[in-house]
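No experiment lies behind these values; they were computed from the predicted model shown. So you know, we letter chains A, B, ... as the sequences are listed, proteins then strands, and number each from 1.
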Amino acid sequence: MIVGCIFATCRRSNDHWIISCSSVQRAFWPASLVKPEIHSRGLLLFLDLLIQIISMSLTIPTIPATHTEPITNLTITKKTKPNTNLSLLHLCNNLREATQVHALIIKSSQITDTYSASRLAEFYAISDNGSLKYAQKVLDSVQEPYTFLWNAVIRGNLIKHNPLKTILLYDRMLRQSVEPDHFTFTSLLKACTQLPAPAIGKQLHSQIVKLGLEYSPFIRNKLIHLYAVSGSISDARKLFDSSTELDIVTWNSMLEGYADNTDGDALHQLFDKMPHRDVVSWNTMIAFYVQVSDFKQAIAIFRRMQENGERPNRVTLISLLSAVSYLGALAQGRWIHAYIDKHGIELDQNLGSALINMYAKCGCLEGAVQAFRQTIQKNVDTWNAMITGLATNGQSLKALRLFSEMECLGVSPNAITFVSVLNACSHGGLVEEGVKHFKMMSQKYGIEPDVTHYGCMVDLFGRAGLFDKIEEIIGAMPMKPDAVMWKALLGACRIHGNLEMGQQAGHQLIELAPNDHASYVLLSNLYAIDDKWDAVHRLRRMMRERGIRKPPGCSSIEMDGVVHEFVVGDTTHSRKKEMYEMLDEMEERLMLAGYKPDTGQVLLHIDDEETKQTSLGHHSEKLAVAFGFISTNPGTTIRVVKNLRVCTDCHSTMKLLSKIYGRDIIVRDSNRFHHFRDGSCSCLDYW
DNA sequence: CTAGGGTTAG
C-alpha cells in the first residue's frame, strides 16, 4: 500500500510531506515501491512518513486507477497535528518499547504538554502492555494534572481489578481540586459495585446530584446497577421509574438487580415489559434460572430466545451448559456442542471447560476428551475440568496420568487441581499416591491445603479404614472440620462398621449442618446397619421436630432430548404400565441370579418386610432404568441422574442388571458416578 | 484533540 517513486526526495514542511522525483522516472501510485534518496535527512523524514502512515494519522490522496500520467509530486497531508511519538505508542508491543517512547516524549519536552502526558498515562493505564506504576508516575510528574489524566489512571485501576485504589485515587483527585466529570463517576460507581461499597456509592450519588450529572445515562445505569445488586433494590427501582429515557442497559441493569435478589416474579414481570431485549437480557434470565436450580426453565428460556431470533453468545452457551450438566441431559449438551461447531465458535478456555464439565457430568468421558482436545489454548481450568471429569467418573489412574502430563507441559496446578487429584486418589483407593500428592502441593507448589484438601485426605484414609490416620490429620490441621469432612468420615464409618467414631462424626455433623437432611440420614443409616432401630427412630423424631424433611428420591433420564423424572413408586408416567411390567421382569431375573433385597437402609419405619421390599423395588433409580430399558435398543448405555445418594440395595441391583441385560448403566448420584458394567461398579463399592 | 455502561465456568 505504500508507494511513491524510485529515487525520490522527501521534504517535509509544517503540515505535509512532499515526495518528488524527476520527471524522467515514472512513478505509479499505488503500485510501485518507494526508495528515498540515501542521504540521512531524507531517510529520516521518510521513516517518519512511514510511521505516520502506519499509525494512520495521515491523509493519503487517492489517485484514480485511470490515471496513467507520471506523477512527479505527491503531497501527503496530516490529519491532525503530527505527533510521531504518540503515534509510536500504539505500535508498542511490550512495556520496554513503551518506556522507550516515554523517554522520547520526555527528551522532546513533550511531557510538559498535558495532552501528550494524558495519552501516555492512558496508554500505561489501559493497554495490556501497560503498567499502573508508570501511569501513576506520569500522573505524579505532571505539574497540573487535569480531569482526563486522572480519569485515565482511575479507569486503569478499575480495569486491572483494583477497585479500592480507584476510590482512593478519587480522594486524592478531590484534594488537588481537580473536578470530576461523568467519566470519573462511571468508573467510581463500578468500583463501588465490585467491592461492594454501597455507602460510598450513596456519597458519590449526592456529589453527582450536586454537580448536575445525574441525568447522564451512563451514570444513571451504573447507579441503578449498584443499588440493585447491593441490597437497595427499591432505590434502584425509584431511579429506574424516574428515568425519562430508558435504554437497553437500564433495563438490563434492573433485570440483573432482580436476578441478584432472586426475585423471580419481579424479574419475569420486568422482562415481559421490555420493549427490546438483547443477548444480555436473555443471558440474565438464563443465568438466573441456573442460579436457582430451575434448569428446565433455563433451557425453556433459551428456546424462547431462539424463537425470538436472538443469537446466543459464549455467555449464553456457558450458562446453558451449566444447566445441561446439572440435568445430565447429554443429548441437549451434544446439541450445544454441535451448535458451537456449526457456527465456528472457537472453544476458548471458559467455553472449553464448560463443555468438558458438561460431558463429564453426563458421564460421557469420550465427549469430555474430545472437547479437551478441541480446546486449543488450554489453561489450568481446562486441565482441572478434565482431571475432575476423570476422577469423578472413576478413572483415577487416567486422572493422575493427566496431572503428570500437565506438569510436564509446565502448566502450574492450583488449589482446585489438587482437590481433583486427591479426589481421584480417594475414589481409586490410591492411598500412597494421595499422600504423595498432598505433600507435593505445599512442598513443590507452595499451595497450603485448605479444609477441602484435608477433607479429601479424610475420604482417602476413610476408604482404606485407616481411622488412626484420620484422627491424626484432623488433629493436625489448622482449621475446624467442615460438614463435608464429617460426611466423608461418616461414610467411611458406615462402610467399615465403625459405630463409635461414626456416632461422633454424625453428632458433629448435625451440630454443624442442622438443616441438612443428609446429616440425619447418614447417621441413621449407620445405626440401621447395626439394627439400632431405637436410635434410628430417635433421629427420625428429631428431624420431625425440627421440621426437616428428606426430599423424595428423584431420578431422571433423558430420552430424545426430553428429561423424564421419576420419584419413588411413581405412577404418573404415560408409559407406567409397560414400566411396571418391565420392573416385574427385572425382579424375576434378579431373583434367578440370586439377588436378595437389602432392606437395611430403608429409612422409613416400615415394619412389614414385604412393604419394605416393594418400596425398595420402586426406588426412583430403578424406575428410571426400567423406563430406559423399554425406551432404547438393547445394548444402549443407560444414563440416570439421582438427586440423593444411591442406596446399597439399588447399588447391588444395578450391578446385577448391568450383567443380566448386558447394558452399561451410568448413575450419577449426589456425590459421585457409578459406571455399572458386567456386574461391577467403577466406585468399587465404596461411596 | 483523547475515553465510557450491563452478562461468564470449576
Asker: So, using salt bridge (Lys or Arg N to Asp or Glu O under 4.0 Å) as the criterion, who are the partners of A/Glu256 when residues are at least two apart?
Answerer: none

Asker: Would you mind writing out the side-chain donor-acceptor pairs for residues 338-348 of chain A within the sub-3.5 Å range, not counting sequence neighbours?
Answerer:
unit_1: A/Asp341; atom_1: OD1; unit_2: A/Gln374; atom_2: NE2; d: 2.8
unit_1: A/His343; atom_1: ND1; unit_2: A/Tyr339; atom_2: O; d: 3.1
unit_1: A/Asp348; atom_1: OD1; unit_2: A/Arg314; atom_2: NH1; d: 3.4
unit_1: A/Asp348; atom_1: OD1; unit_2: A/Asn350; atom_2: N; d: 3.4
unit_1: A/Asp348; atom_1: OD1; unit_2: A/Leu351; atom_2: N; d: 2.8
unit_1: A/Asp348; atom_1: OD2; unit_2: A/Arg314; atom_2: NH1; d: 3.4

Asker: Considering residues at least two apart in sequence or located in another chain, which fulfil the ring-ring contact (aromatic ring centres under 6.0 Å, His included) criterion with A/Phe218?
Answerer: none

Asker: Which residues in residues 219-247 of chain A have at least one heavy atom lying under 4.0 Å from any atom of DNA chain B?
Answerer: A/Asn221, A/Lys222, A/His225, A/Asp247

Asker: Which ring pair (Phe, Tyr, Trp, His ring centres under 6.0 Å) pairs, counting each pair once, include a residue from residues 130-161 of chain A, with sequence neighbours left out?
Answerer: A/Tyr124-A/Tyr134

Asker: Mind checking what makes side-chain hydrogen bond (donor to acceptor under 3.5 Å, both in side chains) contact with A/Asp171, not counting sequence neighbours?
Answerer: A/Arg175

Asker: Find the distance A/Phe183:CZ to B/dG5:C1' and express it as a whole number of Å.
Answerer: 11 Å

Asker: In residues 117-129 of chain A, which residues come under 4.0 Å of DNA chain B by heavy atom?
Answerer: A/Arg119, A/Glu122

Asker: Going by the rule salt bridge (Lys or Arg N to Asp or Glu O under 4.0 Å), which residues pair with A/Asp235 if we only count those two or more places apart in sequence or in a different chain?
Answerer: A/Lys202, A/Lys238

Asker: How would you list, by chain and number, every residue that makes a side-chain hydrogen bond (donor to acceptor under 3.5 Å, both in side chains) with A/Thr250, sequence neighbours excluded?
Answerer: A/Arg220, A/Asn221, A/Asp247

Asker: By side-chain hydrogen bond (donor to acceptor under 3.5 Å, both in side chains), which residues pair with A/Arg304, not counting sequence neighbours?
Answerer: none

Asker: Enumerate the residues from residues 278-294 of chain A whose closest heavy atom to DNA chain B is under 4.0 Å, giving them by residue number; use none for an empty result.
Answerer: A/Asp278, A/Val280, A/Asn283

Asker: Report the residues that fulfil ring-ring contact (aromatic ring centres under 6.0 Å, His included) with A/Tyr258, sequence neighbours left out, ordered by chain and then residue number.
Answerer: none

